[in-house]
Amino acid sequence: VFAILLAEVKTDASKSLDTILPDRKNLGLSGLETNGTGCRTTQKGYHRTMLTKRCLILQERQAGDAGRFLDILTKTEGVLEVFVRGSKKANSKHLAATQPFAYSKLCLAEKNGRYYVESAEPIHLFYGLREHLTQLALAAYFFDLIRYAVPTGQQQNFILRLTLNTLYYLTTGNRSEAFLKSVFELRFLSELGMMPDVLVCPVCMEYLPQSLFYSARTGHFYCQKCYTPQEEDYAVPMSLGGLQAIRHIVLTEPERLFQFRLGAETQQAVNQFSETFVRYQLDYQPQTLQFYKRLLSTQPPLPRPSSSTDR
């Protein structure tokens, strides 16, 4: 008897739901699923997922008469390729938020493994980069490294944070371009699992050598008495101050990453090592880096903020 009553209750509940929504299939509510990132709708073979992402626009590529492909850096998915419809029109509502160097909030529609921009809202546009050509070229170099080395589908929370902070200091002028370049290169590789060895000389276990050589091939530093010159090592001579600076860059917590300064000679050595280390570890030398160097050779450097705390 109890089983019969329970079946009648279920039948009545189903009838009540059909009375409230008599045309559920016609309204497109059939197969509605929800998750933590958006909603997914399935109807007659149609599959679509809506996602909201805060992202940095890395590069754009033209597609047809009115569309563009964008490479974006996200916190949870790494680098993604998305498509923007009608974004080349002068009155496009997506134009500002989807331009390169913009940090924006995008609403994405996923269909058959591809992403389409449904709406875009700018968060910060970094307009200051466009006021100095060297800053713009350096930011483009950073973005080339990201597009080349950062995989898709992996969480990249700190790399997005590192890039945003670097762009902020670059636009405000509170840190020199050479300083930001070396900090970004070394910490970027460290976050990707290619951190240089910063502990001790592997031969004599010296922790604080007064003079040393840093090998871009091995990622180790050697004190002056233990180093044997080898052409393929791409070794950079460096002082103890340079070693301490590299230790700070690759090991410190994110909140303190930019909270130090370097003298001109030490900065030159650290910058030479970081650039050589990136080139050797990634086997990649983007054209934007060459363009940036040509600009430095033809333009006077920007004035550096004065500071009494110099390492």
Side-chain angles (χ1 to χ4, degrees), residues 53-60 70-75 79 94-106 120-150 156-189 191 245 248-249 252-262 264 267-268 270-271 274-275 278 286-307 309-310:
K53 298 289 184 182
R54 293 175 179 262
C55 60
L56 189 61
I57 312 299
L58 302 177
Q59 190 186 54
E60 64 176 359
L70 304 178
D71 291 331
I72 63 175
L73 174 64
T74 66
K75 180 172 69 174
V79 175
H94 301 326
L95 187 59
T98 59
Q99 62 182 320
F101 308 105
Y103 180 54
S104 303
K105 181 180 179 180
L106 303 184
E121 177 185 350
I123 300 175
H124 194 87
L125 298 179
F126 293 105
Y127 273 125
L129 292 174
R130 294 159 177 81
E131 298 178 357
H132 302 283
L133 191 54
T134 56
Q135 293 181 359
L136 191 65
L138 184 58
Y141 164 62
F142 295 155
F143 285 9
D144 272 354
L145 292 182
I146 293 171
R147 291 174 52 249
Y148 180 81
V150 174
Q156 302 294 343
N157 184 18
F158 185 78
I159 290 183
L160 177 60
R161 180 178 180 179
L162 169 67
T163 308
L164 291 174
N165 287 338
T166 304
L167 295 181
Y168 167 78
Y169 281 107
L170 190 59
T171 54
T172 59
N174 292 333
R175 297 292 187 273
S176 68
E177 294 177 11
F179 174 89
L180 295 173
K181 178 176 175 293
S182 57
V183 169
F184 182 87
E185 289 172 331
L186 290 174
R187 191 57 181 254
F188 176 72
L189 286 189
E191 293 299 323
H248 176 89
I249 292 171
T252 193
E253 56 272 17
E255 294 77 11
R256 300 182 60 248
L257 179 58
F258 298 91
Q259 305 308 314
F260 73 103
R261 296 186 186 272
L262 293 173
Q267 179 64 75
Q268 182 178 3
V270 173
N271 199 37
S274 65
E275 182 179 316
V278 167
Q287 295 182 357
T288 47
L289 177 60
Q290 304 305 318
F291 179 66
Y292 174 68
K293 289 182 175 181
R294 288 197 297 269
L295 290 177
L296 291 182
S297 62
T298 57
Q299 293 187 2
L302 294 176
R304 180 185 176 188
S306 60
S307 174
T309 58
D310 193 18

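Note that the numbering runs from 1 along the sequence shown for the chain. Computed from heavy atoms alone, side chains included, the values below leave out hydrogens, waters and symmetry copies.
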* To do: Write out all pairs satisfying salt bridge (Lys or Arg N to Asp or Glu O under 4.0 Å) with one or both partners inside residues 139-148, taking only residues at least two apart or from two chains.
  => Asp71-Arg147, Asp144-Arg147
* salt bridge (Lys or Arg N to Asp or Glu O under 4.0 Å) contacts touching residues 121-143 (sequence neighbours left out) -> none
* In this structure, are over 12 heavy atoms from other groups packed under 6.0 Å from Gln268 atom CD? -> no
* Asked: With a 4.5 Å heavy-atom cut-off, do Arg261 and Arg175 have their side chains touching?
  -> yes
* Just jot down the side-chain hydrogen bond (donor to acceptor under 3.5 Å, both in side chains) partners of Thr163, sequence neighbours excluded, or say none. => none
* salt bridge (Lys or Arg N to Asp or Glu O under 4.0 Å) partners of Lys293, counting only residues at least two apart -> Glu275
* Structure fact -> Result for side-chain contact (heavy atoms from CB on, under 4.5 Å) between Phe101 and one of Leu58, Leu56, Leu125, Leu136 points to Leu136
* Partners of Ala97 by side-chain contact (heavy atoms from CB on, under 4.5 Å), sequence neighbours excluded? -> Ser104, Ala120, Pro122
* Structure fact -> Closest non-hydrogen atoms of Cys55 and Tyr103, given as atom of the first, atom of the second and distance, are O-CD1, 3.1 Å
* Taking all non-hydrogen atoms of both residues into account, name the closest pair between Ala178 and Gln267 and its distance. => O-NE2, 3.4 Å
* Asked: Going by the ring pair (Phe, Tyr, Trp, His ring centres under 6.0 Å) test, which pairs reach into residues 163-185, not counting sequence neighbours?
  -> Phe142-Phe184, Tyr169-Phe258, Phe179-Phe260, Phe184-Phe188
* **Test salt bridge (charged side-chain N to carboxylate O under 4.0 Å, His left out) applied to Glu177 and Lys181, step by step** => CA-CA 6 Å; Glu177 294 177 11; Lys181 178 176 175 293; over 6 Å; no
* Inter-residue atom distance His124.NE2 - Thr171.OG1, 0.5 Å rounding -> 5.5 Å
